Number of protein chains: 2
Amino acid sequence: MTKVKEQNTETVILEAAKEVFQHKGMAGARMQEIADKAGINKAMLHYYYRSKDKLFSAVFASAINLMAPKIMKIINTEDHLFAKIENFTYKYIDFISKHSYMPLFIINELNRNPNLLKDAFANKIENNIEQKLVAQIDDLIAKGEIRSINPEQLLLHIISLSVFPVIGKPLLKNILQKDDKSYKQLIKERQTCVAEFVINAIKL
Amino acid sequence: MTKVKEQNTETVILEAAKEVFQHKGMAGARMQEIADKAGINKAMLHYYYRSKDKLFSAVFASAINLMAPKIMKIINTEDHLFAKIENFTYKYIDFISKHSYMPLFIINELNRNPNLLKDAFANKIENNIEQKLVAQIDDLIAKGEIRSINPEQLLLHIISLSVFPVIGKPLLKNILQKDDKSYKQLIKERQTCVAEFVINAIKL
DNA sequence: ACTTTTGTCAACCAAATGGTTAAACTGTTT
DNA sequence: AAACAGTTTAACCATTTGGTTGACAAAAGT
């Protein structure tokens, strides 16, 4: 009988840390709580990740590297713009619904320390993906298929419509006087109705 | 010569507390920092507001009561829907640009404790304002002036488009590869282009 | 079998932090 | 000018918190 080491302690810690950091932020997270959630001694946290800061950085980098490719892969296809919009809003809303604390976590910590991004990932292609999208939009404008619009604003529109209802849930739920279940339903509808809305706004 | 007490200590504290709490959140805020910013002894904080919790509640209530009426007053007019949309996006983006930490602060703390809203303000009219807007939208749909759309989704669209680019600035700035100045310019453009976008999306 | 390395833990430590206290100061009343 | 109430401060306290240490067990070499 080979003793099966249930799971790498290092990753057990990282998973526990993700949960605590993403829910409570750097300032609100407690090392003891992470240790408890991981089912190990607090000293282990320092054995594997030397300090709270280092552990936090690992969590942050992990979040960024899960998030960023999702955006990129959808946008970086050869599809028609409308298909891209449909694809992006559908899949992205789905993704962040399942990781609803992540975007807020990233924004908060980035607010605290704008340098985190540089440390987190070896700045990938990113900008030329945006370039590509801009070119595609400009092309459709020239062809008269869509209204004249600033591509950067359009990108902001699409991201805002997808992300904000998820991260602003506790506030928006209250404004719309919804319970948890019917608010979730509202989000689900958005997976298709956001694209419809955006396309209606730009189509000629 | 009556000695002019420069400013009420109580409000000096509240102003300092607002700044610290809204930038760092409940967990990240330090009583000492608030005292320093207010230029007084730390014991004064407890003299006027008994605990960190109570001081926080005062700040949170103040934020809510500054925020909520702004939304209400604009929506609760007799204007045409399009005028309302133009008015709301223009003034609301302007407002939160000047208080950019407030929406994020509210969302964060509401996330931590969803009960905060109940404590913060004696739940005003609110819901029947939303009712009124819904009725107006349904009316325009019936008249064939705008596309058929779920009024709640439309409200989510408008709020998302207005708020998210402001609170997501550190992230979006990076995605769009903008410096501070040109990002600010982008936000300014949104004061008019968001309304245009929304109206294009729903007008028939 | 033995030594070395790696992993784990309970106990501990120093600094930070929210909160308290008792004395002192300030302006007003008597 | 004495008494008084409201305000302010320095020093202090108890708890929490990130981090460390030394003992010890479990593998891994040899």
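Every chain is numbered from 1, with letters handed out A, B, ... down the list of sequences. Note: hydrogens, waters and symmetry copies are ignored here, and every other heavy atom, side chains too, is used. This is a predicted model, so every value here is computed, not measured.
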What is the separation between atom [atom1] on [X] and atom [atom2] on [N], rounded to the nearest whole Å?
X: A:I34; N: D:dG19; atom1: CD1; atom2: P; value: 11 Å
X: A:M44; N: D:dG22; atom1: CE; atom2: C1'; value: 14 Å
X: B:K42; N: D:dC13; atom1: NZ; atom2: P; value: 14 Å
X: B:L45; N: C:dT17; atom1: CG; atom2: P; value: 14 Å
X: A:N8; N: C:dT6; atom1: CG; atom2: P; value: 15 Å
X: B:Q32; N: C:dT17; atom1: CD; atom2: C1'; value: 9 Å
X: A:Y47; N: D:dT21; atom1: OH; atom2: P; value: 15 Å
X: B:M31; N: C:dG18; atom1: CE; atom2: P; value: 7 Å

### Task
Please state whether the phosphate of C:dT8, meaning OP1 or OP2, lies under 4.0 angstrom from any side-chain nitrogen or oxygen of A:T9.
yes
(message) D:dT16, OP1 or OP2 - any side-chain N/O from A:R30 closer than 4.0 Å?
(response) no
Give one of base, sugar-phosphate or nothing for A:A27, where a contact means two heavy atoms less than 4.0 Å apart.
-> nothing
- [ ] Using a heavy-atom cut-off of under 4.0 Å over every strand shown, decide if B:A35 touches base, sugar-phosphate, or nothing.
- [x] nothing
From the candidates C:dG19, D:dT20, D:dA10, the one with an atom nearest any side-chain atom of B:N41 is D:dA10
Picking from C:dT8, C:dG19, C:dT21, the nucleotide nearest the side-chain atoms of B:A43 would be C:dT21
Backbone of A:A135 reached by a side-chain donor or acceptor of A:D139 within 3.5 Å: no
**Prompt:** Quick check: does any side chain N or O of A:R190 sit under 3.5 Å from a backbone N or O of A:I93, one acting as donor and the other as acceptor?
**Reply:** no
Q) Among side-chain atoms of A:K18 and A:S62, is any donor-acceptor pair under 3.5 angstrom? A) yes
(Q) Can you confirm if the NZ or CZ of A:R112 lies within 45° of the ring axis of A:F56 and under 6.0 Å from the centre of its six-membered ring? (A) yes
**Request:** Record whether the side chain of B:K52 comes under 3.5 Å of the base of C:dG19 through a donor-acceptor pair of N or O atoms.
**Result:** no
query: So, do B:K203 and B:E145 sit near enough that their side-chain heavy atoms are less than 4.5 Å apart?
result: no
